[in-house]
Amino acid sequence: MLSEPRSGRLAAWGNALLAGFVSPDDAVLAMVGDDPVHRVEGLPGESGPVGLTLAMGRLRTLGVTGLRVALPAPGHPLGLSGPPEFNARALEAEEAVVGFGAPYGLVPEVYEAGPEGDVHVEVLWHCLPVREAPPADVPSLGEAERELAEALRDATRVLSRLDVAGSGPVAEAALDAYRARAEVGREVLAPGYPPRAVRVLELAQRVGLLISLAYENGHGGAVSASEMAARGQALRPVERTARRAQVAAYNAYVEERERG
């Protein structure tokens, strides 16, 4: 949850590119992020893997007018619409991009390449058919914002009672440092997104950081089995809520277009 998912970058900047808000070069630079290479394989009309610039142009030609994000987890097909083959690949990758306007989706495969001593990460996006149907369990931006505020309040209260490290001054310092980094040279979302989507994504990232801190900093004062179980019970629904909000923010551009 701390790091921006690759599917989020691709969908957000892909939407900005499809809408004409950014140039292809700027969009692809943002999509790739810190990765050296992204390619797309399985595109109709292409015999092999192609770069993101050509891939986005091909998707536009095929009828794709927008891109949604899916962040599924076991038992929670968040943002998916089928078919089962696509859902299975997306669940394995824990993320996917789903086209709007034409039935195509992209699932990333991340692997290491290069000789020993010069190994780097490459990303191969697999283009697969998707079902044209509403995505599973994605809230509206308003719903996501309300749910996040409630979940953050409830989780903070429970974690503080259990003396978990992720709910005290250490967590606040980490959150302040995270916000400072986020404000330097990084846009939370691409041009064309509504301000509310930016706000919801920022809050989801804050909640995600709190969850990570709570998991990473040991059990704090929660030393009994019952207290450790209570901490897990407090974190799991918050984590689910943050993921739902994250997807709602990335998908806001397409949802607004659907509403006309």
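Nearest heavy atoms, Arg131 versus Pro84: NH2-CD, 4.0 Å. The heavy-atom pair separating Leu141 from Pro194 by the smallest distance is CD1-CG, 4.3 Å. Across all their heavy atoms, Gly82 and Asn87 have their closest contact at N-OD1, 3.1 Å. Between Ala19 and Tyr253 the shortest heavy-atom distance is CB-OH, 2.9 Å. Of all the heavy atoms in Ala16 and Ala190, the pair that sits closest is CB-CB, 3.8 Å. When every heavy atom of Pro77 is checked against every heavy atom of Ala136, the shortest pair comes out as O-CB, 3.3 Å.
Cluster membership check: Leu18 shares its hydrophobic cluster with Leu43, using side-chain heavy-atom separations under 4.5 Å among Ile, Leu, Val, Met, Phe, Trp and Tyr. When hydrophobic clusters are built by joining Ile, Leu, Val, Met, Phe, Trp and Tyr residues whose side-chain heavy atoms come closer than 4.5 Å, directly or via intermediates, Leu80 is not grouped with Val69. In the hydrophobic clustering of ILVMFWY residues, with side-chain heavy atoms under 4.5 Å counting as a link, Tyr104 and Val97 come out together. Taken together through direct or relayed side-chain contacts under 4.5 Å among Ile, Leu, Val, Met, Phe, Trp and Tyr, Val37 and Trp125 form parts of separate hydrophobic clusters. Val107 and Leu71 fall into different hydrophobic clusters, where Ile, Leu, Val, Met, Phe, Trp and Tyr are joined by side-chain heavy atoms under 4.5 Å apart, directly or via other members.
Ion pair Glu145/Arg199 flagged as a salt bridge, since at least one NZ, NE, NH1 or NH2 atom sits closer than 4.0 Å to an Asp/Glu carboxylate oxygen. Using a 4.0 Å cut-off between a side-chain N of Lys or Arg and a carboxylate O of Asp or Glu, Arg68 and Glu255 qualify as a salt bridge.
Annotation: the span from Trp13 atom CH2 to Leu29 atom CG amounts to 9.0 Å, rounded to 0.5 Å. Rounding to the nearest 0.5 Å places CG of Leu10 at 11.0 Å from CD of Glu4. To the nearest 0.5 Å, the span separating CD on Glu147 from OG on Ser140 amounts to 8.0 Å. To the nearest 0.5 angstrom, His76 atom NE2 is 11.5 Å from Glu239 atom CD.
Residues Glu202 and Val198 form a side-chain contact, since some pair of their non-hydrogen atoms from C-beta on lies under 4.5 Å apart. By the 4.5 Å heavy-atom criterion applied to side chains, Leu201 and Gln246 are counted as neighbours. Under the 4.5 Å side-chain criterion, counting only non-hydrogen atoms from C-beta, Pro24 is in contact with Leu17. Residues Leu106 and Leu59 are in side-chain contact: their nearest non-hydrogen atoms beyond the backbone lie under 4.5 Å apart. At least one side-chain heavy atom of Val28 sits under 4.5 Å from a side-chain heavy atom of Val32. The side-chain heavy atoms of His38 and Met31, taken from C-beta on, include no pair separated by under 4.5 Å. At a threshold of 4.5 Å between non-hydrogen side-chain atoms, the residues Asn251 and Val98 do not count as touching. Within the 4.5 Å cutoff, the side chain of Arg244 has no heavy atoms near those of the Glu143 side chain.
At least one donor-acceptor pair under 3.5 Å links the side chain of Arg257 to the backbone N or O of Thr65. A donor-acceptor distance shorter than 3.5 angstrom exists from the side chain of Glu95 to the backbone of Arg6, with no hydrogens or angles considered.
Side chains of Tyr250 and Asn15: no donor on one and acceptor on the other come within 3.5 Å.
Residue Glu92 qualifies as open at atom CD: its count of foreign heavy atoms under 6.0 Å is 12 or below. Within 6.0 Å of atom CD in Glu94, 12 or fewer heavy atoms from other residues, nucleotides or ligands are found, so the atom counts as exposed in its surroundings.
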Requested in this report: Given side chain to side chain contact (heavy atoms under 4.5 Å, CB included), test Leu67 with Val254 step by step and report yes or no.
Outcome: CA-CA 7 Å; Leu67 299 168; Val254 171; 5.6 Å; no

**Report entry** Derivation of the side chain to side chain contact (heavy atoms under 4.5 Å, CB included) call for Arg89 and Leu128
**Finding:** CA-CA 10 Å; Arg89 292 287 292 267; Leu128 302 164; 4.1 Å; yes

